[in-house]
Structure formats: structure tokens, C-alpha cells
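What you are looking at is a predicted structure, and each value in this text was computed from that prediction instead of being measured. Read the numbers this way: they start at 1 and go in the same order the structure lists the ligands and their atoms. What's counted below: heavy atoms across the whole structure, side chains too, no hydrogens, waters or symmetry copies. Position 1 is the first residue of the sequence; numbering continues from there.
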Amino acid sequence: MGWVVLKFGGTSVSTAPRWRCICRRVQGVLAEDGHRVWVVISALTQVTNRLTAALDEAVSGSQHLQSYFHIFEQHMQLAVEVGLVSPAEASGIVTAEQSAAWTDAVSPSLLQPLVLEFHHLRRVLDGIRLTEEASPRLKARVLAFGELLSTHLGLEIMRHEGLAQVTRVDARQVLRSDPAPSEIDRYLEASVRPSTDNDGTVATVAGDAPVVLTQGFIAGAPAATGIETCVLGRGGSDTSGALFAALLGAARYEIWTDVHGMYTSDPRFVPHARLLKSLDYREAQELAAMGAKVLHPRCIGPAHWANVPVEIRNTNDPDGEKTVIGHSDDDARAKIMAVVRRLNMTLVTITAYGMCGTSGFLSKVFLPFEQHGISVDLIATSQFSVSVTLDHVPGGVDGAAFGALVAALEKLGAVAVVGPCATVSVVGRHLRTSLGELGPVFRLLEGTEVLLLSESAEDLNLSFVVSEADADGLVAKMHAALFPPMEEDTALPTLSYLRSPSRDALLGSSYSALLSSPRGFSL
Ligand SMILES: Nc1ncnc2c1ncn2[C@@H]1O[C@H](COP(=O)(O)OP(=O)(O)O)[C@@H](O)[C@H]1O
Ligand SMILES: N[C@@H](CC(=O)OP(=O)(O)O)C(=O)O
């Protein structure tokens with residue numbers, strides 16, 4: 001019997017109606033061809049942010065249980081909403097001390113694992129408060145509690161909803177991280193290579209259970225003393241799901257979230273954004289990497305590696321439209337797919353007039369980036385100058401790694417650092433053959449200071465580095481030019497060439513149309 005992997009994000013696991021939807025979907029897949037179902041869930045919405053706040057509170061020693069108590073309340077509210085705890089049992093707990101007493105004295109036995117996990121979290125936070133410091137290793141342990149807690153509660157909710165044969169698996173037993181250059185990468189931005197389950201670990205942990213529930217975001221980091229906890233970076237549950245799908249050789253990987261799929265821009269800011277009905281792996285990867293936050297940038301790799309088709313679907317509209325990601329045979333055709341942006345980028349320019357025309361300039365410039373574990377994103381070069389953008393600086397621009405990088409680069413020439421800035425990217429296929437269609441985009445840049453312009457070697461994105469303040473306005477204008485709002489198409493005769501059969505095959509409904517559809521849903 002084959003597996004189908006379902007991943008539910010924070011917004012999809014935080015209310016009773018969403019959990020009923022999860023259980024219905026699991027039952028639907030079980031009924032279809034006798035599949036087994038591997039369910040990956042994130043922490044309840046905002047819990048990872050609250051754990052980050054709890055860490056800061058514990059380090060600073062101020063009110064270190066405030067965020068902890070918020071998290072406790074959130075889980076109790078859900079337990080009440082789904083009917084696992086009565087409102088009377090949960091009432092009257094207004095402080096962290098009372099929550100501890102409540103969990104000791106009156107918690108229902110089926111919630112004992114959840115309660116023990118809360119005790120464990122509290123012990124770790126108390127320890128951090130005493131020492132007033134938290135290493136990347138300890139931070140990862142704290143952040144992992146979000147998913148450990150949600151899966152304890154989720155297991156009982158699923159059983160309560162009639163799914164008797166669910167097994168909870170600890171993801172750290174299955175996913176093992178790769179060696180990493182720094183402590184931050186090792187524990188907080190861990191990467192796990194996709195692989196097949198040669199040693200049968202997945203089969204062992206799943207046993208005969210038709211349904212497995214496990215954590216997204218967390219993995220095991222092999223250490224001399226055993227297996228430590230690491231996390232895959234914010235939003236990493238999508239990648240966990242893809243890794244499990246690859247290990248299991250799953251028939252399908254479904255990512256359930258609060259939107260119908262990948263849109264031509266972030267629908268929160270561009271309500272006329274159109275749903276992308278089908279994408280190939282490379283296109284989806286490029287969109288995720290350039291800022292379509294609905295997918296974690298590393299999640300497509302494992303699915304592609306194992307040839308597992310991916311679907312992105314809306315928990316609030318389970319039978320509605322969706323994005324399907326897989327192989328495609330039409331990559332010869334040019335197409336414009338989206339306008340997306342990323343914030344918090346750093347632009348570094350190294351200028352060395354003395355090196356004009358000398359060989360090896362580029363290798364000398366890039367060596368310090370490798371030595372200090374900082375990967376570059378966009379690149380533009382001239383004879384004596386190189387500009388690069390960085391989307392992730394381990395330890396931040398005030399940290400030791402970045403300081404050492406700048407010191408090394410200064411030995412080669414003058415170094416200028418600009419940040420935080422933003423990249424606005426038009427993502428598509430064969431953009432160099434679509435420059436006529438992209439014309440309006442360039443006109444829209446008049447009056448905006450463009451710090452760097454880059455066209456990707458693979459011809460998949462055209463990116464502009466601008467100030468953060470300019471980014472959202474620019475995205476909205478560029479998107480309106482390239483994807484005119486549907487109802488206004490006829491009013492824009494000059495852009496009518498943007499309608500074509502291939503475009504109609506690619507683009508689904510707009511976010512605003514889906515939002516006002518009779519089925520109705522909300523972000
Ligand atoms: N291009 C895009 N297409 C779809 N959603 C996007 C895009 N860019 C950003 N998003 C945002 O991604 C959100 C879903 O991702 P996320 O919050 O990580 O979900 P989850 O908690 O379910 O994992 C959506 O609510 C949407 O606002
Ligand atoms: N809980 C983690 C991992 C994650 O992927 O969450 P979500 O699926 O809600 O984006 C985070 O907030 O980063």
C-alpha cells in the first residue's frame with residue numbers, strides 16, 4: 001500500500017473546524033485506493049513566534065513565562081473547542097503558576113503527554129533564565145516545542161474525531177540533518193538531504209498504522225552524545241513534508257494552507273493575483289526562492305528528486321481550485337508567471353580599480369564568502385567591481401561572520417554595504433524572449449532608485465534591488481501591468497496580447513474572486 005503525505009500549516013491546525021477538515025481529508029485518502037496517510041503538522045499559528053519571544057524573555061530575565069502562558073492558553077482553548085476538555089475544567093487559569101498546578105492536578109489523562117511537554121518547556125526556559133544565555137542548540141530545542149506540542153494535542157483530536165489507528169512519530173527519529181559550517185546552520189537552519197529509506201527506519205516507526213502524525217520543522221542532528229534537536233528554518237514544515245514524501249516514495253504530497261495555491265503575487269498585498277494552476281518543479285522552486293512565501297524554498301528539491309507530485313490546497317475550501325506541481329513537457333514556451341518580492345536583503349559591492357583586467361579577481365572576491373559560510377544570491381559584475389545580494393547572513397549583519405567577511409573583502413578593494421533592501425522579481429520562463437512584453441515594467445521604474453539589476457543565467461527571473469520602502473508599491477504596479485485585473489481586461493486594449501490560450505491554461509481565478517465565491521473563506 002502506498003503513502004500519501006499531507007502537510008498542514010499553522011493556520012490549518014489552530015481551530016476545531018480546521019481539524020474536522022484534516023480528519024475528513026485523512027478519511028478521504030484512506031478510502032481512495034487503500035492508501036496510508038502520513039500527516040505532517042506545524043505548530044499552532046503564532047506559536048513559533050511566541051517561543052521566540054519566550055526565549056528573549058528568558059534571556060533578559062523579564063517576565064519569562066508570559067509567552068509560555070500564552071502558548072498554554074492557546075492549546076487549552078483548542079482542547080476546549082474540540083471537546084477534549086470542558087470549559088469548566090479550563091476556566092480560572094490566568095497565570096503560568098496556575099497552569100502548572102492545573103496540569104499537575106486535574107488534567108485529563110489523555111492530555112498527559114501534552115502536559116509533560118509543557119513541563120519540559122518550562123524547565124528549559126527556567127534554565128535559560130538562570131544562565132541568561134541561549135546557544136543555537138538551546139534555541140532549536142525551544143523552537144521545536146511548537147511542533148512537539150501540536151502533535152500531542154493533534155493525536156488526541158484525531159482520535160476524538162474517530163481516527164482510532166493513528167500513531168504519533170517523532171520526526172527526529174526519521175530525519176537526520178547534514179553537517180553544517182556553523183552552529184546557527186547546524187541547529188537553526190539545518191538541511192536534510194533527500195534519500196530513500198534504505199535502512200527501513202520509516203517502516204519501523206510507522207509499524208502497521210494506516211495513519212501517522214508527525215512534526216514538521218524539526219529533525220535530528222547526529223552528535224557524539226546521540227541525536228540532538230535541530231530545526232529547518234522558519235517555514236520549514238513544507239520541506240519536512242517533502243522529505244517524508246521522498247523517503248516514503250509517496251504517491252502524492254499535498255500541502256494544505258490558508259490559500260488555494262501559488263498566486264502570481266502575494267494575495268495579501270495584491271488581491272487581483274491569479275492562481276497558478278500548474279507549475280513544473282523548477283518553476284515552483286524559482287517562485288519559492290524569489291519570495292512566494294507559501295512554499296519553503298527548500299521544499300521542492302526532495303519532491304523533484306523523488307518524482308512526487310505536489311499539490312497546494314486550501315483547508316478552508318477543500319474541493320476548490322489548487323496548484324499542481326510536477327514534470328512538464330512545455331518548457332520551451334516563454335511565459336511570465338509572477339511578480340514577487342523579498343525583504344531584508346543586504347547588498348554588498350566590492351570595487352577594486354587596481355584589479356581591472358587581472359585574472360582571478362572573481363575567485364578572490366568569492367573565496368571569503370565560502371570561508372565565512374555566507375551564500376550569495378544575485379550577482380552583477382563589471383571589470384573592476386562586483387555587487388552581490390545576500391538573503392541570509394548567519395548571525396545578521398552585526399554578527400561575527402559578516403564582520404569577518406567585510407574585513408576580508410576590504411583587503412581586495414573598497415566595500416559598500418547597503419541594507420536592508422528588497423528584491424522585486426518578475427519570474428517566468430525564457431524571459432529574454434519576452435522583453436517586449438516586459439516593456440511596461442521598465443517604464444514603471446521611472447523615479448525609483450534601482451540599486452542592482454539582474455537577469456538569472458537560467459532565464460527564470462528578472463530582479464530589481466530597490467529600497468524596502470519602494471518594494472510593495474512596485475510589485476503592485478508591475479503586477480497590474482503584467483496581469484491586468486480580469487474584469488478590466490477589455491478596458492485595457494493595449495494589453496490584450498497578454499491574454500492567450502497558454503496563459504488561460506496557466507492562470508486560474510483571482511484571489512479576490514475566490515474570496516467572494518459562494519463557498520466563502522477568509523485568510
Ligand atoms: N505568491 C504567493 N502565493 C500564495 N501565497 C503567498 C504568496 N506569497 C506569499 N504568500 C503567503 O503565504 C501564506 C501561506 O504561507 P504560510 O503562512 O507559511 O502558511 P502555513 O502556515 O499554512 O504554512 C499565504 O497566506 C499568503 O499570504
Ligand atoms: N512552525 C514553524 C514551521 C512552519 O513551517 O510553520 P508554517 O507551516 O505555519 O509556516 C514556523 O512558524 O516557522
Under the side-chain hydrogen bond (donor to acceptor under 3.5 Å, both in side chains) criterion, do His272 and Ser510 qualify, and how do the steps go? CA-CA 5 Å; His272 290 298; Ser510 70; 5.0 Å; no
Report the C-alpha separation of Arg176 and Val192 in whole Å, then their side-chain angles, then the decisive distance to 0.1 Å, and conclude whether the side chain to side chain contact (heavy atoms under 4.5 Å, CB included) test is met. CA-CA 6 Å; Arg176 291 288 146 82; Val192 176; 5.8 Å; no
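Under a 4.0 Å N-O distance rule, the pair Arg429/Asp280 qualifies as a salt bridge. Under the 4.0 Å criterion applied to side-chain N and carboxylate O atoms, Asp238 and Arg298 are not assigned as salt-bridge partners. Salt-bridge annotation for Arg141 and Glu228: absent, with no side-chain N of the basic residue lying under 4.0 Å from a carboxylate O of the acidic one. Ionic pairing of Arg252 and Glu254 is present here: one or more N-O contacts between side-chain nitrogen and carboxylate oxygen are shorter than 4.0 angstrom. The pair Asp391-Arg342 meets the salt-bridge criterion, with a side-chain N (NZ, NE, NH1 or NH2) lying under 4.0 Å from an Asp/Glu carboxylate O.
For the pair Gly146 and ligand 2, no heavy-atom separation below 4.0 Å is found. Judged by the shortest distance from any of its heavy atoms, His296 lies outside the 4.0 Å radius around the atoms of ligand 1. Ser42 does not count as a contact of ligand 1, since none of its heavy atoms falls under 4.0 Å from the ligand. Ligand 1 lies out of reach of Ala338, whose nearest heavy atom is not under 4.0 Å from it. Residue-ligand proximity: Gly235 is placed with every non-hydrogen atom at 4.0 Å or more from ligand 1.
For a threshold of 3.5 Å applied to N or O pairs, the pair formed by Thr257 and ligand 1 contains at least one separation below that value. For ligand 1, the polar-atom distance check against Asp266 finds a nitrogen or oxygen pair separated by under 3.5 Å. Polar contact check, Thr11 against ligand 2: no nitrogen or oxygen pair lies under 3.5 Å apart. Of the N or O atoms in Asp238, none lie within a sub-3.5 Å distance of an N or O in ligand 2. Considering backbone and side-chain N/O atoms, Gly233 never comes within less than 3.5 Å of an N/O atom of ligand 2. At under 3.5 Å, not a single nitrogen or oxygen of Ser12, backbone or side chain, sits near a nitrogen or oxygen of ligand 1. Ligand 1 has no nitrogen or oxygen under 3.5 angstrom from a nitrogen or oxygen of Met262.
Here the straight-line distance linking atom CG of Leu51 with atom CD of Glu57 works out to 10.5 Å at 0.5 Å rounding. Atoms NE2 and CG, on His75 and Leu84 in that order, are 12.5 Å from each other to the nearest 0.5 Å.
Against a heavy-atom cut-off of under 4.0 Å, Gly261 is close to the following atoms of ligand 1: 3 (N), 4 (C). Taking every non-hydrogen atom of Ala292 and a distance limit under 4.0 Å, the qualifying atoms of ligand 1 come out as 1 (N), 8 (N). Remark: ligand 1 atoms within the under-4.0 Å shell around heavy atoms of Lys7 are 23 (O). Distances below 4.0 Å separate heavy atoms of Gly10 from the following atoms of ligand 1: 21 (O). Remark: ligand 2 atoms within the under-4.0 Å shell around heavy atoms of Gly235 are 3 (C), 4 (C), 5 (O), 10 (O), 11 (C), 13 (O). Residue-ligand proximity, Glu147 to ligand 2, at heavy-atom distances under 4.0 Å covers atoms 1 (N), 2 (C), 3 (C). Near Ser265, the atoms of ligand 1 lying under 4.0 angstrom from a non-hydrogen atom of the residue are 1 (N), 2 (C). Of all the atoms in ligand 2, the ones that sit under 4.0 Å from a non-hydrogen atom of Arg234 are 11 (C), 12 (O), 13 (O). Close contacts between ligand 1 and Arg268 involve ligand atoms 11 (C), 27 (O) [criterion: under 4.0 Å to a heavy atom]. Ligand 2 places these atoms under 4.0 Å from at least one heavy atom of Lys7: 8 (O).
Here the side chain of Arg172 pairs no donor or acceptor atom with the backbone of Ala219 at under 3.5 angstrom.
Classification of the Trp38-Phe244 ring pair by plane angle, with boundaries at 30° and 60°, yields tilted.
The closest protein non-hydrogen atom to atom 9 (O) of ligand 2 is Gly10 N, 2.9 Å.
Relative to atom 24 (C) of ligand 1, the option among Val294, Asp258, Thr315 with the closest non-hydrogen atom is Asp258. Among Ser237, Ser14, Ser240, the residue whose heavy atom sits closest to atom 4 (C) of ligand 2 is Ser237.
Side-chain atoms of Thr52 and Asn49 form no donor-acceptor pair, as typed in the model, at a separation below 3.5 Å.
Only the side chain of Ser42 comes within 4.0 Å of ligand 2, judged by heavy-atom distances.
Each of Leu213, Val5, Leu6 was compared with Val40 under the side chain to side chain contact (heavy atoms under 4.5 Å, CB included) criterion, and only Val5 meets it.
For Arg234, there are no salt bridge (Lys or Arg N to Asp or Glu O under 4.0 Å) partners, not counting sequence neighbours.
Ile312 approaches Gly261 most closely through the heavy-atom pair CG2-CA, 3.6 Å.
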